[in-house]
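As structure tokens, the structure follows; a few thoughts come after it.
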Protein chains: 2
Amino acid sequence: MDTEWLPQPDPAEIEIGKVLHALADPIRLQIVRLLDERGGGSCTSLPEVPVKPSTVSHHLRTLREAGVVASMVQGNARKSVLRDADLETRFPGLLTAILRAT
Amino acid sequence: MDTEWLPQPDPAEIEIGKVLHALADPIRLQIVRLLDERGGGSCTSLPEVPVKPSTVSHHLRTLREAGVVASMVQGNARKSVLRDADLETRFPGLLTAILRAT
DNA sequence: AACTAGCTACGATGATCGTCGTAATTATTG
DNA sequence: CAATAATTACGACGATCATCGTAGCTAGTT
């Protein structure tokens, strides 16, 4: 199946500043909520996001480089998932508080 | 003493998006940490912040409009304090998680 | 091999924003 | 009243960034 992961920061190297910057954009926050609800997603599997797939790809990259999501490659399909466990370890309560907000 | 408060959003109207945007800037995050440590501050009482007082004023305004800080006027002196209680009510655990981060 | 689908890298553009200097305001002090 | 200190409003500039279109890549399919 040749599943590989795109490069991402180690849990200990996730920086609060980069995480906050990544979550500060409303589109990225919406993407994070959708990934949380559905357990993952990709550029073309989030049609309610009001930007083009190339822009979604850019946002997923930003989220991945910040340590918020992890992206796996399976053949020609990709899937991004929230790194909720890593974030909970690194910044306890942070992601929960944000996702719980109205 | 004629203490008055500058306009600020009600606790129920604080938006997570604006709070995250306000905290995403590294200078503003530093200001928030200093206000937390010292219980308050003003434009000229935060010399370790590497920007000019006029810029600190701008950041304090951004933080106040987002609902992160409250600013009081006493004569010619002003003092801004963290709205930690309001934030804890509105987004439980959020500020604590951020301030606890290394 | 050719073709299709999914995704991204790249370049460009327009908007937002962080920063600063200056001027103006306000209140306290001499 | 004059002077000083604290703070902000304003205008301007430079940088960052969100967005898009297109081209190119990879893997699976026919």
Side-chain angles (χ1 to χ4, degrees), chain A residues 1-8 15 17-35 38 40-66 68-81, chain B residues 1-8 15 17-35 38 40-66 68-81:
Chain A
M1 194 64 70
D2 199 39
T3 299
E4 54 178 308
W5 295 86
L6 273 59
Q8 54 178 341
E15 300 175 19
K18 292 184 178 178
V19 171
L20 291 175
H21 174 265
L23 297 177
D25 182 80
I27 298 293
R28 284 197 289 265
L29 187 57
Q30 179 183 13
I31 292 174
V32 166
R33 290 192 199 279
L34 292 172
L35 295 183
R38 306 178 184 175
S42 63
C43 288
T44 55
S45 69
L46 305 169
E48 54 273 88
V49 180
V51 293
K52 301 297 178 184
S54 63
T55 305
V56 176
S57 174
H58 171 261
H59 285 314
L60 286 174
R61 179 194 183 100
T62 300
L63 290 168
R64 188 184 68 243
E65 291 177 347
V68 178
V69 308
S71 301
M72 59 195 306
V73 184
Q74 290 175 333
N76 62 352
R78 301 198 180 190
K79 184 181 179 183
S80 294
V81 295
Chain B
M1 195 61 72
D2 197 39
T3 298
E4 52 179 308
W5 295 87
L6 273 59
Q8 54 178 338
E15 300 175 18
K18 291 183 179 177
V19 171
L20 291 175
H21 175 264
L23 297 177
D25 182 81
I27 297 293
R28 284 196 291 265
L29 188 56
Q30 179 182 13
I31 292 175
V32 166
R33 291 191 198 278
L34 291 173
L35 295 184
R38 304 178 185 176
S42 63
C43 289
T44 53
S45 70
L46 305 169
E48 53 272 88
V49 180
V51 293
K52 300 297 177 184
S54 62
T55 304
V56 175
S57 173
H58 171 260
H59 285 314
L60 286 174
R61 179 194 183 100
T62 300
L63 289 168
R64 188 183 70 244
E65 291 177 346
V68 179
V69 308
S71 299
M72 58 195 306
V73 183
Q74 289 176 333
N76 63 352
R78 301 199 179 190
K79 183 180 179 184
S80 296
V81 294

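Proteins get letters first, then strands, A, B, ... in listed order; numbering begins at 1 in each. Being a predicted model, the structure only gives us computed values, none of them experimental. Excluded from the calculations below are hydrogen atoms, water molecules and symmetry mates; all remaining heavy atoms, backbone and side chain alike, are included.
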Donor-acceptor contacts under 3.5 Å from residues 54-61 of chain B side chains, at least two apart:
{"from": "B:His59", "atom 1": "ND1", "to": "B:Arg28", "atom 2": "NH1", "distance (Å)": "3.2"}
{"from": "B:Arg61", "atom 1": "NE", "to": "B:Glu65", "atom 2": "OE2", "distance (Å)": "3.1"}

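Here the P atom of nucleotide C:dC7 and the CG atom of A:Leu63 are 16 Å apart, to the nearest Å. Rounded to whole Å, the distance from NZ on B:Lys79 to P on D:dT8 is 15 Å. In this entry the distance linking CZ of A:Arg64 with P of C:dC7 reads 13 Å, nearest Å. Atom-to-atom, CE of A:Met72 to P of C:dT8 comes out at 14 Å; the value is rounded to the nearest Å. Here the P atom of nucleotide C:dT16 and the CD atom of B:Glu65 are 16 Å apart, to the nearest Å. Taking atom CG of residue A:Leu46 and atom P of nucleotide C:dT8, one finds them 11 Å apart after rounding to whole Å. Look at CD on B:Gln74: it is 14 Å from P on D:dT8, rounded to the nearest Å. For A:Gln30 and D:dA18, the CD to C1' distance is 14 Å, given to the nearest whole Å.
With rounding to the nearest 0.5 Å, the separation of OG in B:Ser80 from CG in B:Leu6 is 8.0 Å. Within the model, atoms CG of A:Leu35 and CD of A:Gln30 stand 10.5 Å from one another, a figure rounded to the nearest 0.5 Å. A:Asp25 CG to B:His21 NE2: the interatomic distance, rounded to the nearest 0.5 Å, is 9.5 Å.
Take B:Thr62 and apply the side-chain hydrogen bond (donor to acceptor under 3.5 Å, both in side chains) test, not counting sequence neighbours, and it matches no residue. A search for side chain to side chain contact (heavy atoms under 4.5 Å, CB included) contacts involving A:Pro7 returns nothing, not counting sequence neighbours. With sequence neighbours excluded, the residues satisfying salt bridge (Lys or Arg N to Asp or Glu O under 4.0 Å) with A:Arg38 are A:Glu48. For B:Gln8, the side-chain hydrogen bond (donor to acceptor under 3.5 Å, both in side chains) partners at least two apart in sequence or on another chain are B:Arg83. Remark: A:Ser45 pairs with A:Ser42 by the side-chain hydrogen bond (donor to acceptor under 3.5 Å, both in side chains) rule, at least two apart or across chains.
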Could you list, one pair per line, each protein nitrogen or oxygen that sits under 3.5 Å from a nitrogen or oxygen of nucleotides 18-22 of chain C, together with the distance?
{"from": "C:dG18", "atom 1": "OP1", "to": "B:Arg28", "atom 2": "NH2", "distance (Å)": "2.9"}
{"from": "C:dG18", "atom 1": "OP2", "to": "B:Arg28", "atom 2": "NH1", "distance (Å)": "3.2"}
{"from": "C:dT19", "atom 1": "OP2", "to": "B:His59", "atom 2": "NE2", "distance (Å)": "2.4"}
{"from": "C:dC20", "atom 1": "OP2", "to": "B:Lys52", "atom 2": "N", "distance (Å)": "2.9"}
{"from": "C:dC20", "atom 1": "OP2", "to": "B:Thr55", "atom 2": "OG1", "distance (Å)": "3.4"}

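Comparing atom distances between the A:Arg61 side chain and each of C:dA9, C:dA27, C:dT8 picks out C:dA9 as nearest. Listed nucleotides D:dT26, D:dT8, C:dT26 differ in distance to A:Asn76; the shortest reach to its side chain belongs to D:dT26.
For the OP1/OP2 pair of D:dT7 and a distance below 4.0 Å, the side-chain nitrogens and oxygens of B:Ser42 include at least one atom meeting the criterion. Considering only side-chain N and O atoms, A:Arg78 lies nowhere under 4.0 angstrom from the phosphate OP1 or OP2 of D:dT26.
An angle of 20°, rounded to 10°, separates the two end axes of the helix from C:dA1-D:dT30 to C:dG30-D:dC1, each defined over five pairs.
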